2 protein chains.
Amino acid sequence: MRSAEFDREHVLRQAMTTFMQHGYSKTSMQKLTQATGLHPGSIYCAFNNKKGLLLASVEQYQKDKNEQFAQLCASHNNIKSALHAFLADIAHPCASSEATKVCLLTRTLSEIDGQDEEVTQVLSNNLSAFERSLESVLNKAMDKGEISSKPSAKERAQFLVMGIYGLRTYASTGNDTQALSRLSEQLLEYVLR
Amino acid sequence: MRSAEFDREHVLRQAMTTFMQHGYSKTSMQKLTQATGLHPGSIYCAFNNKKGLLLASVEQYQKDKNEQFAQLCASHNNIKSALHAFLADIAHPCASSEATKVCLLTRTLSEIDGQDEEVTQVLSNNLSAFERSLESVLNKAMDKGEISSKPSAKERAQFLVMGIYGLRTYASTGNDTQALSRLSEQLLEYVLR
DNA sequence: TTCAATCTTGAATATGCGTTCAAGATACAC
DNA sequence: GTGTATCTTGAACGCATATTCAAGATTGAA
């Protein structure tokens with residue numbers, strides 16, 4: 001026997017960055033071999049094809065984002081400061097030109113829309129899973145009496161998710177940092193009203 | 001002499017629909033020749049290249065959207081019903097599977113991001129022009145005393161635009177019509193607060 | 001040390017793409 | 001009616017792409 005030589009997580013993080021930077025279709029296999037250090041044959045052996053590598057990258061992305069979010073929640077003792085930090089983490093890179101300014105899930109979903117049912121499903125599922133995890137955080141805040149129960153956690157979570165999508169797109173139309181942070185504030189104010 | 005035989009506006013509307021349906025890079029010249037009825041040579045003669053056809057389509061799209069918006073504003077006597085109708089026009093196709101469910105400007109911007117400076121500029125300019133026209137409508141509503149002047153027209157317009165971007169992305173994650181119209185309501189409520 | 005199982009390598013393949021261009025068709029001026 | 005300027009046509013071109021595969025390299029067990 002002989003085991004694979006590459007570090008799967010490392011490869012997937014390099015791949016996801018490349019996908020975020022150039023989008024799915026403009027990320028050529030050549031770019032992927034350069035970014036990951038793997039040769040075409042190895043990629044095809046480990047992930048079937050380009051789409052397989054995308055799906056594996058998406059899985060890794062979601063895993064990383066979930067961990068980040070859990071840590072962020074653990075390090076704040078009230079929902080307002082937690083979500084404030086969360087939105088700042090989104091808005092700040094948005095105004096920069098880093099690859100991480102976009103969301104792998106929404107960018108790919110928008111690009112792939114109507115082209116591949118499987119990828120669309122996976123992305124949608126991951127996005128709604130994250131909405132539910134926001135909902136659960138809001139529910140906990142209700143239990144602790146930090147926010148009222150009148151607009152339900154679900155409604156709040158939906159509006160927040162919509163706002164995040166909007167923020168990201170808004171940021172891509174030109175980096176008005178001032179407006180972006182003002183919009184984040186207003187969004188948070190409304191969600192925690 | 002001899003004049004061109006095709007109807008430019010018709011051709012551009014067919015092209016823009018194709019671009020909205022498949023995205024820029026997956027819209028092949030073959031698809032465009034089928035959709036427009038023009039042969040490759042004619043397209044290259046009239047629009048230089050694929051990118052030129054995109055830019056011309058974007059111009060036509062913006063012109064059409066501006067006309068629609070002006071008519072919509074003219075047919076409502078208060079801002080609330082006007083914007084309500086406007087959001088409904090956005091949200092309803094979003095929940096369907098028509099090509100018009102996406103916005104040519106944002107979809108293309110997201111796909112092209114970081115690849116072509118000229119297209120990025122044109123799209124961003126068009127989007128902020130539309131934000132300003134929303135701002136102007138809000139200003140008129142202030143003059144008529146329909147809304148207070150406290151959150152400025154600019155701030156309201158920015159939040160509304162962010163919300164529209166968010167609505168569109170939210171819609172693309174799965175067509176929960178119920179949630180979509182509820183989100184529209186909340187958005188409107190907050191913008192006209 | 002030997003051998004076979006497995007992984008790595010990267011050139012080769014087939015396909016689809018945007019673009020060009022020379023030949024043919026057409027319309028208008030005279 | 002004739003000539004010419006212009007438009008239309010679509011086959012052909014070069015290029016980039018995703019994918020394959022057979023040869024070479026490496027591992028670990030016997």
Side-chain angles (χ1 to χ4, degrees), chain A residues 1-12 14-58 104 107-108 111-112 114-120 122, chain B residues 1-12 14-58 104 107-108 111-112 114-120 122:
Chain A
M1 279 289 284
R2 191 184 163 198
S3 53
E5 288 179 359
F6 63 88
D7 175 352
R8 188 183 161 94
E9 289 202 1
H10 177 71
V11 161
L12 289 179
Q14 299 299 115
M16 80 172 73
T17 305
T18 314
F19 282 130
M20 286 190 278
Q21 221 160 27
H22 305 100
Y24 180 67
S25 77
K26 280 280 175 186
T27 297
S28 60
M29 286 304 296
Q30 199 180 29
K31 283 195 184 109
L32 286 169
T33 56
Q34 283 166 7
T36 60
L38 262 54
H39 290 250
S42 303
I43 293 182
Y44 280 81
C45 178
F47 307 103
N48 264 341
N49 50 28
K50 187 180 163 186
K51 176 178 156 182
L53 179 53
L54 172 73
L55 290 174
S57 301
V58 163
L104 178 63
R107 162 147 212 192
T108 310
E111 186 182 338
I112 228 74
Q115 283 172 35
D116 187 303
E117 204 53 51
E118 186 189 0
V119 175
T120 302
V122 169
Chain B
M1 280 289 282
R2 190 184 163 198
S3 53
E5 287 178 358
F6 64 88
D7 175 353
R8 189 182 160 94
E9 290 202 359
H10 178 70
V11 160
L12 289 179
Q14 298 300 115
M16 80 172 72
T17 304
T18 313
F19 281 129
M20 285 190 278
Q21 222 160 28
H22 305 100
Y24 180 67
S25 78
K26 278 282 175 186
T27 297
S28 59
M29 287 304 295
Q30 199 181 29
K31 283 197 185 107
L32 286 168
T33 57
Q34 284 167 7
T36 61
L38 262 54
H39 290 250
S42 303
I43 293 182
Y44 279 80
C45 178
F47 306 102
N48 264 341
N49 49 28
K50 187 181 164 186
K51 177 177 156 183
L53 179 54
L54 173 73
L55 290 174
S57 300
V58 164
L104 178 63
R107 163 148 211 190
T108 310
E111 186 183 338
I112 228 73
Q115 285 173 34
D116 187 302
E117 204 53 53
E118 185 190 3
V119 174
T120 302
V122 169

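Below, chain A is the first sequence line, B the second, and so on; all start at residue 1. These numbers come from a predicted model, not from an experiment.
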For this session: Test Glu111(A) against Thr108(A) for side chain to side chain contact (heavy atoms under 4.5 Å, CB included), laying out the working first.
Result: CA-CA 5 Å; Glu111(A) 186 182 338; Thr108(A) 310; 5.7 Å; no
Problem set entry | Flag if over 12 foreign heavy atoms under 6.0 Å of CD, Gln30(A) | no
Exercise. How about Lys26(A): does its NZ atom have over 12 heavy atoms from other parts shown lying under 6.0 Å from it?
Worked result: no
For this session: Identify the two heavy atoms, one from Thr27(B) and one from Thr18(B), that lie closest to each other, and give their separation to 0.1 Å.
Result: OG1-O, 3.4 Å
For this session: Find the distance between CG (Leu38(B)) and OH (Tyr44(B)) and round it off to the nearest 0.5 Å.
Result: 12.5 Å
Problem set entry | Presence of His39(A) side-chain N/O under 4.0 Å of dG10(C) phosphate oxygens OP1/OP2 | yes
Nearest whole Å is fine: how far is [N] [atom2] from [X] [atom1]?
X	N	atom1	atom2	value
Leu38(B)	dT9(D)	CG	P	8 Å
Arg8(A)	dC7(C)	CZ	C1'	16 Å
Ile43(A)	dT17(D)	CD1	P	14 Å

For this session: Would you give a per-nucleotide map of nucleotides 16-23 of chain C, 5' to 3', where B means the base has a protein non-hydrogen atom under 4.0 Å away, S means only the sugar-phosphate does, and - means neither?
Result: -SSBBB--
Exercise. Within 45° of the six-membered ring axis of Tyr24(A) and under 6.0 Å from that ring's centre, is NZ or CZ of Lys51(A) located there?
Worked result: no
